[in-house]
Amino acid sequence: GAAELGRHLGAPVSQNARGHLLGHVCDLGHDVADPTTRLYQTNQRQGFHTDSADVVALLCLRAAASGGRSSLASAATVFNEVLARAPDLAEALFEPVATDHRGEEPPGARPWFEIPVLSYVDDRLTVIYQRRYIESAARFPEAPRLTDRQRAALDMFDAVLDDPSIHLEMDLEPGDVQLVHNHQLLHDRTGFVDDPDPARRRHLLRLWLCPPI
């Protein structure tokens, strides 16, 4: 099934503190305002973000009754557009910002970590981003706060991501597979409404993969 397909592309890695290798993406009714909620367990829009793996693989088993569109955006394209629109803010995207582990930190680690949204690795632009998790890191008194300049840069980053000319939208139908390289692409999912019948509700399977070098 999905796991066998994934093994042809890379080694599965854990998606949470419980060591789950295969994730179920569906609405569990969790409160999106709860800072420990993982957004894929709700029916709300996720916002453009990256996952904590080289590649995220999704297999659609059932689509929602309505909504749940998937979107992709290139980090390089977004950065170039920020640079064109607000060159004075672009550099702030390379400054470390506090990001909430959302209760998934390794044993002994702080409940938040610091990392830039954009970095260069071997002369290639890479991205790690989840705005909600950056904002919720403020629940920890010792976590660094965003400066006004950093917040303005993130607002511009989000505005560019939301530009329909920048991102690509698609509907995932049963049987569709989506593979996303997290270091160069951001992905999003719109809010959705499920069928009242639990057997017909939106359900995707997810793998986090580490391809061979």
Side-chain angles (χ1 to χ4, degrees), residues 13-21 23-56 58 70-73 75 78-79 82 89 91-119 121 125-162 180-192 204 206-210:
V13 296
S14 174
Q15 301 182 30
N16 54 41
R18 296 177 296 282
H20 293 167
L21 298 180
H24 294 266
V25 180
C26 49
D27 179 21
L28 299 181
H30 292 184
D31 182 3
V32 72
D34 183 339
T36 64
T37 291
R38 300 283 292 277
L39 294 174
Y40 70 89
Q41 298 170 326
T42 75
N43 67 350
Q44 302 299 302
R45 180 188 176 187
Q46 290 185 310
F48 280 97
H49 66 284
T50 57
D51 286 2
S52 300
D54 294 328
V55 173
V56 57
L58 292 172
S70 179
S71 299
L72 300 175
V78 175
F79 172 63
V82 171
L89 296 178
E91 188 177 351
L93 296 171
F94 293 86
E95 298 171 359
V97 292
T99 300
D100 194 346
H101 271 299
R102 308 285 276 204
E104 297 284 343
E105 65 271 11
R110 297 180 304 190
W112 51 273
F113 60 99
E114 292 180 66
I115 196 166
V117 173
L118 298 177
S119 302
V121 177
L125 188 71
T126 65
V127 61
I128 179 167
Y129 188 61
Q130 173 46 277
R131 181 68 183 267
R132 288 181 187 261
Y133 294 4
I134 291 173
E135 296 292 347
S136 67
R139 67 193 176 107
F140 305 110
E142 66 276 22
R145 297 317 192 238
L146 292 172
T147 65
D148 290 344
R149 180 166 165 271
Q150 288 173 327
R151 186 173 295 281
L154 296 183
D155 288 345
M156 177 58 69
F157 196 68
D158 287 336
V160 171
L161 283 165
D162 285 340
V180 179
H181 188 224
N182 281 294
H183 300 298
Q184 266 77 48
L185 293 173
L186 300 103
H187 58 282
D188 188 10
R189 184 210 68 209
T190 64
F192 64 87
L204 283 73
R206 183 178 71 180
L207 288 172
W208 281 358
L209 300 170
C210 180

What distance do [X] atom [atom1] and [Y] atom [atom2] have between them, rounded to the nearest 0.5 Å?
X      : Y      : atom1 : atom2 : answer
Arg132 : Arg38  : CZ    : CZ    : 14.0 Å
Gln44  : Thr190 : CD    : OG1   : 10.5 Å
Arg151 : Ile134 : CZ    : CD1   : 9.5 Å

**Request:** Starting from the C-alpha separation in whole Å, work towards a yes-or-no answer on side-chain contact (heavy atoms from CB on, under 4.5 Å) for Asp188 and Leu72.
**Result:** CA-CA 7 Å; Asp188 188 10; Leu72 300 175; over 6 Å; no
**Request:** Give the intermediate values and the outcome of side-chain contact (heavy atoms from CB on, under 4.5 Å) for residues Leu154 and Arg131.
**Result:** CA-CA 8 Å; Leu154 296 183; Arg131 181 68 183 267; 3.3 Å; yes
Provide the closest heavy-atom pair for [X] versus [Y] in the form atom of the first, atom of the second, distance.
X      : Y      : result
Leu161 : Ala73  : CD2-CB, 3.6 Å
Asp100 : Ser136 : OD2-OG, 2.8 Å
Leu118 : Phe79  : CD1-CD1, 3.6 Å
Gln150 : Ala92  : CA-CB, 4.4 Å
Phe192 : Thr42  : CE2-O, 3.7 Å
Ala98  : Ala143 : CB-CB, 4.1 Å

Is the backbone of [Y] close enough, under 3.5 Å, to the side chain of [X] for a donor and an acceptor to pair up by distance?
X      : Y      : result
Gln184 : Leu125 : yes
Ser119 : Thr126 : no
Gln15  : Leu21  : yes
Arg145 : Ala138 : yes
His20  : Ser14  : no
Asn182 : Thr50  : no
Arg189 : Phe48  : no

**Request:** Determine the interplanar angle of the Phe113 and His101 rings, folded into 0 to 90°, and report it as parallel if under 30°, tilted if 30 to 60°, perpendicular if over 60°.
**Result:** tilted
Minimum side-chain heavy-atom gap [X]-[Y] below 4.5 Å:
X      : Y      : answer
Leu209 : Asp54  : no
Leu58  : His187 : no
Leu204 : Tyr40  : no
Val78  : Tyr129 : no
Glu135 : Leu146 : yes

**Request:** Check whether NZ of the Lys or CZ of the Arg Arg110 lies under 6.0 Å from the centre of the six-membered ring of Phe140 and within 45 degrees of that ring's axis.
**Result:** no
**Message:** Run the side-chain contact (heavy atoms from CB on, under 4.5 Å) test on Arg206 and Asp51 for me, step by step, so that the C-alpha distance in whole Å, both residues' side-chain angles and the decisive distance to 0.1 Å come before the verdict.
**Reply:** CA-CA 11 Å; Arg206 183 178 71 180; Asp51 286 2; 3.8 Å; yes
**Asked** So, are Asp158 and Arg45 salt-bridged, with charged N and O less than 4.0 Å apart?
**Response** no
**Asked** When you look at His49 and Leu39, which way does the side-chain contact (heavy atoms from CB on, under 4.5 Å) test go after all the steps?
**Response** CA-CA 11 Å; His49 66 284; Leu39 294 174; over 6 Å; no
**Message:** So, applying side chain to side chain contact (heavy atoms under 4.5 Å, CB included) with Trp112, which one of Arg139, Arg102, Glu142, Glu105 is it?
**Reply:** Glu142
